[in-house]
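A short write-up of the structure that comes next.
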Amino acid sequence: MAKSSKSTSGPYDVLIIGGGVNGAGIARDAAGRGASVLMVEQDDLASYTSSASTKLIHGGLRYLEYYEFRLVREALTERERLLKIAPHIIWPMHFVLPHSKTDRPAWMLRAGLFLYDHLASNMTLPKSRAVNFSTHSTGVPLKGDFKKGFIYSDGWVQDSRLVVLNAMDAAERGADIRTRTRLINAKRVNGLWEAELEDRTTGENYTVQARGMVNAAGPWVARLLSDTLKLPNSKSVRLVKGSHIVVPCLFDGPQAYIFQNPDKRIVFAIPYEQKFTLIGTTDEAWKEDPGKVDISPEEVSYLCSSVNRYFKKNIKEQDVVWTYAGLRPLYDDASANASAVTRDYVLDLDTRDNAPLLSIFGGKITTYRKLAEHALEKLAPVLPAVAGRSWTAEKALPGGDIGEGGFAAALERLTRAAPWLPESLAWRLMRNYGSRAYEIIGDASSLDDMGELLGGDLTSREVDYLIEREWARSDEDVLWRRSKLGLHLNQAERQKVAAYVAARKA
């Protein structure tokens with residue numbers, strides 16, 4: 001069961017503020033080292049930045065242009081590790097990079113791709129290659145102006161599920177994970193952190209103690225230091241809004257496209273949820289308060305124009321079926337251009353009064369696991385409870401132990417074990433839950449045994465699992481973060497899911 005106890009018997013070793021990918025990754029790593037961990041998140045897991053990414057596990061090809069060689073090498077190494085520990089929610093994808101004379105010169109792209117192929121020693125994905133679009137199938141959707149280009153490999157991730165799986169593993173290793181729980185204030189008292197928390201569901205306030213604290217508040221990291229903790233801080237975040245649009249499928253095939261724009265930004269067009277194409281992202285400086293953000297009409301127009309430069313099939317604003325936007329809390333390195341701000345991370349340790357506080361500035365989803373390792377390495381000298389061995393590089397995330405033969409073989413085993421499952425539902429259960437799909441199916445021997453059909457192929461048994469094991473507390477948690485079924489259900493079906501979740505909470 002997901003843990004949410006409010007027991008305050010003795011101090012925790014570490015209190016983590018923030019339930020995004022960095023907070024969940026640190027909670028998992030610390031709990032696996034034997035530390036007692038409490039992680040609190042003011043809303044749902046992955047409510048903000050960590051569910052609003054372009055959903056890529058990648059080295060960041062364009063970061064080479066800014067000489068971020070260490071970051072790219074680390075990210076490429078992590079890409080390989082994550083493909084192994086979460087093969088159900090992370091998988092390889094080919095990216096098609098068309099070239100024209102108005103873009104970066106071909107020699108520069110070729111050199112960058114060569115570096116990308118060889119920067120890390122453990123890469124198993126296919127190397128990049130040149131392609132002639134007049135004879136290759138990936139050229140079919142492209143305008144005739146684009147004769148040649150390149151294909152390279154990277155990874156795709158269900159980003160919000162990555163956060164949930166890290167939190168699940170942390171809980172199964174003893175961590176206390178509390179969503180809808182906000183830090184009101186905290187102070188150092190006799191070598192401990194004394195933190196006042198608010199349960200946002202009940203309105204209850206209560207106090208916990210911890211030997212150390214991690215500020216993984218993402219867009220709120222600097223505000224938590226200055227406004228909540230009243231502590232001086234020399235570092236800051238630079239908030240950059242990234243927005244995405246989803247449209248009906250623009251091309252056939254499993255490949256994605258990466259397009260260069262005249263302003264030197266890049267935009268991805270990625271196959272999404274079987275029936276759609278995901279297009280993003282923008283890079284807009286954000287000066288207002290952090291929180292929920294929305295795409296602007298100008299960003300929608302920009303993304304449509306970006307893909308219309310390349311694809312034969314043009315799109316308009318009215319073709320957009322869904323949008324999402326998020327704030328990237330990048331470490332402020334004083335770059336003039338929002339696209340050039342470093343995606344690297346900085347860890348700031350404050351050890352005053354023998355109660356350490358580690359604040360995380362920046363980072364990217366691909367390197368979250370390594371960031372967690374580095375965070376605990378930095379804390380270990382002053383917080384011995386987290387000084388155990390590093391272990392997360394090889395241990396599968398929940399559901400990631402799908403067995404020999406990869407995803408296809410695992411899916412075949414599932415369909416043999418439950419031949420009554422519709423093909424599309426078996427695929428979705430394995431793709432979302434991996435080996436944990438068997439927990440959802442349980443003793444069912446027919447689709448009727450899976451309970452009420454709430455919409456599409458979503459059953460009440462699956463929703464029960466999400467509530468009991470994955471902290472889902474609302475229809476939005478179920479339909480947009482634990483899955484993207486919101487794209488596939490109509491309004492009446494979405495309301496039926498909402499009613500079911502509300503009844504379970506009552």
Determine, step by step, whether E373 and S390 satisfy the side-chain hydrogen bond (donor to acceptor under 3.5 Å, both in side chains) criterion, reporting the C-alpha distance in whole Å, the side-chain angles of both residues, the deciding distance to 0.1 Å, and the verdict.
CA-CA 7 Å; E373 264 187 3; S390 169; 2.3 Å; yes
With no hydrogens and no angle check, is any side-chain donor or acceptor of R265 less than 3.5 Å from a backbone partner on Q260?
no
Contacts of N132 meeting side-chain contact (heavy atoms from CB on, under 4.5 Å) (sequence neighbours excluded), chain-then-number -> S134, T135
Is the F251-Y257 ring centre distance short of 6.0 angstrom?
yes
Under the side-chain hydrogen bond (donor to acceptor under 3.5 Å, both in side chains) criterion, do E65 and Y63 qualify, and how do the steps go?
CA-CA 5 Å; E65 210 166 22; Y63 305 154; over 6 Å; no
Heavy-atom pair of closest approach, residues V21 and S50:
N-OG, 2.9 Å
Side-chain H-bond candidate by donor/acceptor type, Y302 with D263, under 3.5 Å:
yes
Is the closest basic N to carboxylate O distance between R469 and E439 below 4.0 Å?
yes
R328 and D283: CA distance, side-chain angles, deciding distance, salt bridge (charged side-chain N to carboxylate O under 4.0 Å, His left out) verdict:
CA-CA 9 Å; R328 306 183 196 101; D283 284 301; 2.6 Å; yes
Salt bridge between D344 and R70, side-chain N to carboxylate O under 4.0 Å?
yes
Any non-hydrogen side-chain atom of L82 less than 4.5 Å from a side-chain atom of Y368?
yes
Does K84 pair with E394 as a salt bridge, N-O distance under 4.0 Å?
no
Passes side-chain contact (heavy atoms from CB on, under 4.5 Å), E80 versus M123? Steps please.
CA-CA 6 Å; E80 295 291 327; M123 290 190 283; 3.9 Å; yes
Can D477 and R481 be counted as an ion pair, charged N to O under 4.0 angstrom?
yes
Between R79 and S153, is a side-chain hydrogen bond (donor to acceptor under 3.5 Å, both in side chains) present by the stated rule, with each step listed?
CA-CA 11 Å; R79 183 188 70 184; S153 301; over 6 Å; no
Sidechain N-carboxylate O distance under 4.0 Å for K241, E299:
yes
Do other residues, nucleotides or ligands put more than 12 heavy atoms under 6.0 Å from the NZ atom of K275?
no
Scan for side chain to side chain donor-acceptor pair (under 3.5 Å) pairs involving residues 16-32, sequence neighbours excluded, and state none if there are none.
R28-D169, D29-R33, D29-W391
In sequence, state the C-alpha distance, the side-chain angles, and the governing distance for E74 and T367, and then conclude on side-chain hydrogen bond (donor to acceptor under 3.5 Å, both in side chains).
CA-CA 7 Å; E74 179 174 285; T367 53; 4.6 Å; no
Checking R161 side chain against R482 main chain: does a donor-acceptor pair fall under 3.5 Å?
yes
Check D159 with K55, please: is the shortest side-chain N to carboxylate O separation under 4.0 Å?
yes
Can R431 be said to sit on top of W91's aromatic six-ring, NZ or CZ under 6.0 Å from centre and within 45° of the ring axis?
yes
Kindly determine whether F133 and H99 satisfy ring pair (Phe, Tyr, Trp, His ring centres under 6.0 Å), including the steps that lead there.
CA-CA 10 Å; F133 293 130; H99 176 257; over 10 Å; no
Donor-acceptor pairs under 3.5 Å, side chain of residues 311-324 to any protein atom, not counting sequence neighbours: which ones?
residue	atom	partner	partner atom	Å
K312	NZ	V140	O	2.9
D319	OD2	K316	N	2.7
Y324	OH	S53	O	2.7

Separation of L303 CG from F268 CZ (nearest 0.5 Å):
12.5 Å
After noting the C-alpha distance and the side-chain angles of W156 and I90, does the key distance pass the side-chain contact (heavy atoms from CB on, under 4.5 Å) rule?
CA-CA 5 Å; W156 168 263; I90 302 174; over 6 Å; no
Pair Y152 and Y116, ring centroids less than 6.0 Å apart
yes
Go through it in stages, so that I can follow the logic: the residues are Y310 and F146, the test is ring pair (Phe, Tyr, Trp, His ring centres under 6.0 Å), and I'd like the CA-CA distance, side-chain angles, deciding distance and then a yes or no.
CA-CA 8 Å; Y310 288 86; F146 301 98; 4.5 Å; yes
Sub-3.5 Å donor-acceptor pair from the side chain of K143 to the main-chain atoms of N308, do we have one?
yes
Look at the side chain of R180 and the backbone N and O of Q42, then say whether any donor-acceptor pair between them is shorter than 3.5 Å.
no
For T366 and V157: C-alpha separation, side-chain torsions, deciding distance, then whether side-chain contact (heavy atoms from CB on, under 4.5 Å) applies.
CA-CA 9 Å; T366 306; V157 62; over 6 Å; no
Using the benzene-type ring in the case of Trp, are the ring centres of Y433 and Y465 under 6.0 Å apart?
yes
For the residue pair D44 and T179, confirm or rule out a side-chain donor-acceptor distance under 3.5 Å.
no
